[in-house]
Number of protein chains: 2
Amino acid sequence: MEETTSVKQPVTDNTRERLLDRSEILFAHKGFAAVSVREITGSANCNLSAVNYYFGNKMNLYISVFKERWIPRMKQVRQYADDYLSSRQTIGISDIIRAFAKAFLDGPITDEERIYHFHLMQREIAHPTEALKMVVDEIIHPMHKDIRGLIKPSLPENLSSEKLALSIFTTISMILYFGFAQPVISLVMDQKFDPAFKSRVIDHIVSFAMNGINGLKKEETV
Amino acid sequence: MEETTSVKQPVTDNTRERLLDRSEILFAHKGFAAVSVREITGSANCNLSAVNYYFGNKMNLYISVFKERWIPRMKQVRQYADDYLSSRQTIGISDIIRAFAKAFLDGPITDEERIYHFHLMQREIAHPTEALKMVVDEIIHPMHKDIRGLIKPSLPENLSSEKLALSIFTTISMILYFGFAQPVISLVMDQKFDPAFKSRVIDHIVSFAMNGINGLKKEETV
DNA sequence: TTGACATTCAAACGATCGTTTAATACAAAC
DNA sequence: GTTTGTATTAAACGATCGTTTGAATGTCAA
């Protein structure tokens with residue numbers, strides 16, 4: 001049987017992919033410096049030299065994790081929110097909030113993924129590398145602007161852009177907090193993050209933020 | 001002149017205090033593993049062996065930072081909120097929210113302190129050591145219970161305790177977010193965190209959370 | 001079979017890590 | 001002055017770090 005070029009195995013950079021997968025988890029969990037190249041390559045079941053062979057050095061692997069894992073995942077999450085919204089006939093503010101809350105907390109990524117995804121970002125905020133600016137420019141800033149564009153039509157025209165921006169940040173803050181502070185929440189509330197609880201959390205966020213934004217509307221129009 | 005024992009210099013563990021001060025900042029900024037003992041002792045202007053002399057080892061210095069810096073600072077913040085509230089004749093929900101928002105964001109600690117204080121906590125959440133449980137048991141859990149006790153009288157009796165707990169967490173999440181995500185917020189809003197802006201942020205948090213909790217009240221009593 | 005290329009591997013490099021040691025400096029007590 | 005105990009210092013320890021090297025292995029085209 002003649003093999004076709006199309007069926008041919010992707011010459012697979014399989015080791016490269018495994019390195020990205022495993023190192024993302026380790027970097028998120030322990031931080032860049034706390035993870036050794038030996039730990040990464042051990043976890044990825046490959047030779048010590050593989051990091052330098054595929055990525056040049058450890059730092060470039062770290063940057064590549066953001067380029068090839070973190071950013072694509074955010075685009076996936078974002079796509080989920082967009083799909084949710086475009087499936088609706090009318091789009092109110094609560095739909096927008098729910099779209100993003102669901103996308104982040106109950107969307108296309110697993111619970112485990114979400115947690116280390118957030119942890120990576122927090123570590124960048126505490127100790128920025130070139131990854132932070134890349135991520136803010138490519139993902140966070142555009143997303144923020146898009147949300148602003150979505151919400152604005154539902155709000156009074158004279159609402160100051162600062163109040164709108166602050167409202168978006170506070171809403172996002174609630175979503176993010178439940179995404180990363182689960183250990184603390186579980187300890188204090190004595191409550192596991194099972195699907196039922198997560199669903200109640202999303203409902204809570206939506207109604208809480210809705211009331212916040214609607215209140216804003218009233219204040220302004222008075 | 002005879003020296004009195006009471007005037008006698010505190011035999012000052014000055015080096016010990018400097019080690020705590022400097023290492024807290026470094027640990028918060030870079031993480032435990034990313035900071036070397038040499039960097040700490042260099043920053044504290046003392047000999048390399050001082051860490052082991054005063055704290056036994058590096059990890060115990062880290063734990064001591066939480067015991068002797070982080071937890072006392074939280075008690076200081078908490079005291080600020082309590083003082084604010086006890087200076088009022090009547091205490092409404094908005095007073096409670098403002099008390100804690102001010103205590104955290106505009107209270108007795110400096111902006112720099114607040115940032116590394118939060119970063120230390122985030123690192124603990126991402127990669128818990130024995131410090132996390134200590135901090136949750138001694139500070140966070142009690143504070144949460146106290147806030148609950150303060151707010152409860154102003155809410156309908158039939159409000160589920162879960163909804164109350166979630167409301168507290170969401171309110172806290174807003175406060176914390178503005179405490180640690182300043183780099184991102186500044187980048188996106190193109191706005192420095194000067195005192196005027198901080199004051200508007202606090203007002204925003206108070207009204208946003210107030211509307212959220214009041215909405216909760218209405219939902220429940222229907 | 002041969003040659004070219006991509007990948008994996010074991011071994012070693014110098015640098016830096018946390019920690020230990022033993023000597024020294026210094027002040028107060030006797 | 002001597003003793004005592006605390007604090008600081010320089011030097012060294014073995015372990016581990018990121019990275020480099022050069023050989024071994026596998027793959028496919030010629």
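Since we're looking at a predicted model, the values are computed, not measured.
- Rounded to whole angstrom, the span from the CG atom of Asn52(B) across to the P atom of dA12(D) amounts to 18 Å.
- Rounded to whole angstrom, the span from the CZ atom of Phe55(A) across to the P atom of dT7(C) amounts to 12 Å.
- The separation between Asn14(B) atom CG and dT6(D) atom P is 18 Å, rounded to whole Å.
- Residue Cys46(B) is the one, among Cys46(B) and Val35(A), whose nearest nucleotide of DNA chain D lies closer to the 5' end (criterion: closest heavy atom).
- Salt bridge status for Asp111(B) with Arg114(B): present, with a side-chain N to carboxylate O gap under 4.0 Å.
- If you take CD1 of Ile40(B) and P of dT19(C), they are 10 Å apart, rounded to a whole angstrom.
- Nearer to the 5' terminus of DNA chain D, by closest-nucleotide assignment, is the contact made by Arg18(B) (compared with the other of Arg18(B) and Gly56(A)).
- Distance CZ (Phe32(B)) to P (dC17(C)): 13 Å, rounded to an integer number of Å.
- Protein atom NZ of Lys30(A) is 13 Å distant from nucleotide atom P of dT16(D), rounded to whole Å.
- For Lys58(A), whose side chain is taken as the heavy atoms from C-beta onward, the closest listed nucleotide among dT19(D), dG18(C), dA7(D) is dT19(D).
- When distances are taken from the side chain of Tyr53(A) to each of dT8(C), dG18(C), dA12(C), the shortest belongs to dT8(C).
- Rounding to whole angstrom units, CZ of residue Arg38(A) and P of dA10(C) are separated by 13 Å.
- Checked by distance alone, Ser49(A) brings a side-chain donor or acceptor within 3.5 Å of a matching partner on the base of dT20(D).
- You won't find any donor-acceptor pair under 3.5 Å spanning the side chain of Thr15(B) and the base of dA7(D), going by distance alone.
- If you measure from atom CG of Leu48(B) to atom P of dG18(C), you get 9 Å, rounded to the nearest angstrom.
- Counting non-hydrogen atoms of neighbouring residues, nucleotides and ligands closer than 6.0 angstrom, the CG atom of Asp194(B) exceeds 12 such neighbours.
- Closest approach to the Asn47(A) side chain among dC17(D), dT9(D), dT8(C) is made by dT8(C) (side chain taken as heavy atoms from C-beta onward).
- Side-chain atoms of Asn57(A) lie closest to dT19(D) of the nucleotides dC17(C), dT19(C), dT19(D).
- When the side-chain nitrogen and oxygen atoms of Tyr54(A) are compared with OP1 and OP2 of dT8(C), one or more of them lie within a distance under 4.0 Å.
- The residue from Met121(A), Arg123(A), His127(A) that alone fulfils the side chain to side chain contact (heavy atoms under 4.5 Å, CB included) condition with Leu132(A) is Met121(A).
- Aromatic ring pairs are classed by plane angle as parallel below 30°, tilted from 30° to 60° and perpendicular above 60°; the pair Phe180(B) and Tyr177(B) is perpendicular.
- Between Arg69(B) and Glu17(B) a salt bridge is recorded (basic side-chain N to carboxylate O distance below 4.0 Å).
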